[in-house]
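Working notes for the structure below.
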There are 2 protein chains.
Amino acid sequence: MTAIKENSTYNANREIVLNECPVTYVMSKIGGHWKPIILYHLLSGSKRYSEIKKAMPHITEKMLIQHLKQLEADKLLIREAKPVVPPYVTYTLTESGKGLQTVISAMADWAFKDMGKVRI
Amino acid sequence: MTAIKENSTYNANREIVLNECPVTYVMSKIGGHWKPIILYHLLSGSKRYSEIKKAMPHITEKMLIQHLKQLEADKLLIREAKPVVPPYVTYTLTESGKGLQTVISAMADWAFKDMGKVRI
DNA sequence: ACAAGTACTTACCCCAAAGTATGTATGACA
DNA sequence: TGTCATACATACTTTGGGGTAAGTACTTGT
């Protein structure tokens with residue numbers, strides 16, 4: 001999981017900001033190129049790995065797995081694997097993950113307004 | 001402003017995601033280590049450069065200026081300079097910038113809940 | 001003469017996130 | 001026997017955000 005150099009200003013500032021700033025806390029959970037999209041696709045219900053993959057043509061498998069693991073570690077989703085071959089793995093949002101819907105909605109509202117795409 | 005290599009997957013994906021994902025759009029405007037903090041300080045009213053600087057002891061001047069310029073370019077705040085010496089420059093949120101308050105609130109609500117710090 | 005305050009600017013470096021490419025285990029099916 | 005499908009893993013490279021350090025312009029105070 002990529003060891004962290006403790007004695008760097010970058011990480012010092014990062015920690016300060018994470019502890020002090022709820023916005024940055026949220027960013028650390030759902031930020032990056034792909035995590036919001038993954039969450040979006042799961043908001044409509046559980047999906048298996050291959051379904052998420054098909055829904056996101058541009059993401060590489062490495063990035064997809066990496067972010068799914070991260071989201072699982074952050075307790076935003078749950079991974080369930082059936083012991084069959086070929087593998088059957090589903091991903092489901094936790095309550096915490098579902099709670100992000102209001103956040104995402106607020107962001108979407110502002111975004112569409114800001115992009116001048118709102119018509120009411 | 002740091003020339004961009006057009007033919008890279010990194011930027012291709014970035015653009016795709018920016019156009020498709022309102023969450024990423026918002027992130028691009030208020031993401032990073034410092035922008036949310038700057039916005040937070042300006043939500044309570046206009047401030048001059050030196051006031052913001054004092055309110056954020058850990059930020060470097062380069063980062064502060066850089067983000068203020070970016071926020072200005074994104075029309076989230078307005079810079080006003082009085083032609084005096086020593087310089088007197090104030091930064092004020094635009095309506096668009098003020099509109100972020102609801103977004104920030106939604107994020108803060110979720111963050112505090114998720115951090116288990118909520119007591120109601 | 002020179003230090004101090006304000007609001008910047010610029011050149012350079014580091015590192016973590018993102019991307020590339022390839023490999024793995026297992027069983028079904030042809 | 002070997003190819004296909006699923007759900008990963010891993011070594012390596014690239015990219016851009018962030019940090020360091022130093023300098024600039026202009027004027028007021030000592």
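If you're wondering where the values come from, they're calculated on a predicted model, not measured in any experiment. First the proteins, then the strands, lettered A, B, ... as listed; each starts at 1.
- Atom CE in A:M115 sits 9.0 Å away from atom CG in B:L18 (nearest 0.5 Å).
- With rounding to whole Å, B:I65 atom CD1 is found 10 Å from C:dT6 atom C1'.
- As a whole-Å value, the separation of A:Q66 CD from C:dT20 P is 13 Å.
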Going by atom type alone, with no hydrogens or angles, which donor-acceptor pairs under 3.5 Å involve a side-chain atom of residues 32-43 of chain B and a protein atom two or more places apart or on another chain?
from: B:K35; atom 1: NZ; to: B:S28; atom 2: O; distance (Å): 3.4
from: B:K35; atom 1: NZ; to: B:K29; atom 2: O; distance (Å): 3.3

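- Computed from C1' positions of five pairs at each end, the angle between the two local axes of the helix from C:dA1-D:dT30 to C:dA30-D:dT1 equals 30°, rounded to 10 degrees.
- Residues satisfying the side chain to side chain donor-acceptor pair (under 3.5 Å) criterion with A:Y91, sequence neighbours excluded, are absent altogether.
- Taking every side-chain heavy atom of B:T60 into account, D:dT20 is the closest of C:dC8, D:dT20, D:dG18.
- Atom CD of residue B:E20 and atom CG of residue B:N13 lie 10.0 Å apart, to the nearest 0.5 angstrom.
- When rounded to the nearest whole Å, the span between OH of B:Y88 and C1' of C:dT6 equals 12 Å.
- In this structure the side chain of B:Y25 never reaches within 4.5 angstrom of the side chain of A:F112, judged on heavy atoms.
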Expected rows: protein N/O vs nucleotides 22-28 of chain C N/O, under 3.5 Å:
none

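- Here the CG atom belonging to A:L71 is positioned 11.0 Å from the CD atom belonging to A:Q66, to the nearest 0.5 angstrom.
- Put simply, A:R14 has no side-chain N or O that comes within less than 4.0 Å of OP1 or OP2 on D:dG19.
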Could you list the donor-acceptor pairs under 3.5 angstrom formed by side chains in residues 50-64 of chain B, with sequence neighbours left out?
from: B:E51; atom 1: OE1; to: B:R48; atom 2: N; distance (Å): 2.8
from: B:T60; atom 1: OG1; to: B:M63; atom 2: N; distance (Å): 3.3
from: B:E61; atom 1: OE1; to: B:Y49; atom 2: OH; distance (Å): 3.3

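- Rounded to whole angstrom, the span from the CG atom of B:L68 across to the P atom of C:dC8 amounts to 8 Å.
- Using modelled atom types, no side-chain atom of A:T90 and backbone atom of A:K47 make a donor-acceptor pair closer than 3.5 Å.
- B:L64 has its CG atom 17 Å from the C1' atom of D:dA21, to the nearest Å.
- Summarising the geometry, the separation between NZ on A:K82 and P on D:dT6 is reported as 15 Å, rounded to the nearest angstrom.
- A:Y91 has a side-chain polar atom (N or O) that falls below the 4.0 Å cut-off from OP1 or OP2 of D:dC8.
- Taking atom NZ on B:K69 and atom P on D:dG18, their separation rounds to 18 Å, with Å as the unit.
- A donor-acceptor pair under 3.5 Å is absent between the side-chain atoms of A:W110 and the main chain of B:G97, judged by distance alone.
- Think of A:Y88 as one node in a network of Ile, Leu, Val, Met, Phe, Trp and Tyr side chains linked at under 4.5 Å; its network also takes in A:V84.
- Not counting sequence neighbours, the partners of A:K98 by the salt bridge (charged side-chain N to carboxylate O under 4.0 Å, His left out) test are A:E95.
- B:H58 comes within 4.0 angstrom of nothing in the nucleic acid, heavy atoms only.
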Tell me which donor-acceptor pairs under 3.5 Å the side chains of residues 100-108 of chain A have, and how far apart each pair is, sequence neighbours excluded?
from: A:T102; atom 1: OG1; to: A:G99; atom 2: O; distance (Å): 3.3
from: A:S105; atom 1: OG; to: A:Q101; atom 2: O; distance (Å): 2.9

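- Heavy-atom distances under 4.0 Å link DNA chain D to B:G32, B:H33, B:W34 of residues 31-38 of chain B, given in residue order.
- In this model, the phosphate group of D:dG17 is not approached by any side-chain N or O of B:H67 to a distance below 4.0 Å at OP1 or OP2.
- Nearest approach of A:E80 to A:T92, heavy atoms of both residues: OE1-OG1, 4.0 Å.
- Nearest heavy atom pair, residue B:L68 against residue B:L77, reads O-CD1, 3.8 Å.
- For D:dG16, the OP1/OP2 oxygens have a side-chain nitrogen or oxygen of B:N11 closer than 4.0 Å.
- Taking each heavy atom of B:G31 and A:M27 in turn, the nearest pair found is CA-CE, 3.7 Å.
- For A:K62, the listed nucleotide lying nearest its side chain is D:dT10; candidates were D:dC8, D:dT20, D:dT10.
- DNA chain D is contacted by no residue of residues 42-55 of chain B, taking any non-hydrogen atom closer than 4.0 Å.
- Per the geometry, CE belonging to A:M63 stands 12 Å off C1' belonging to D:dT13, to the nearest Å.
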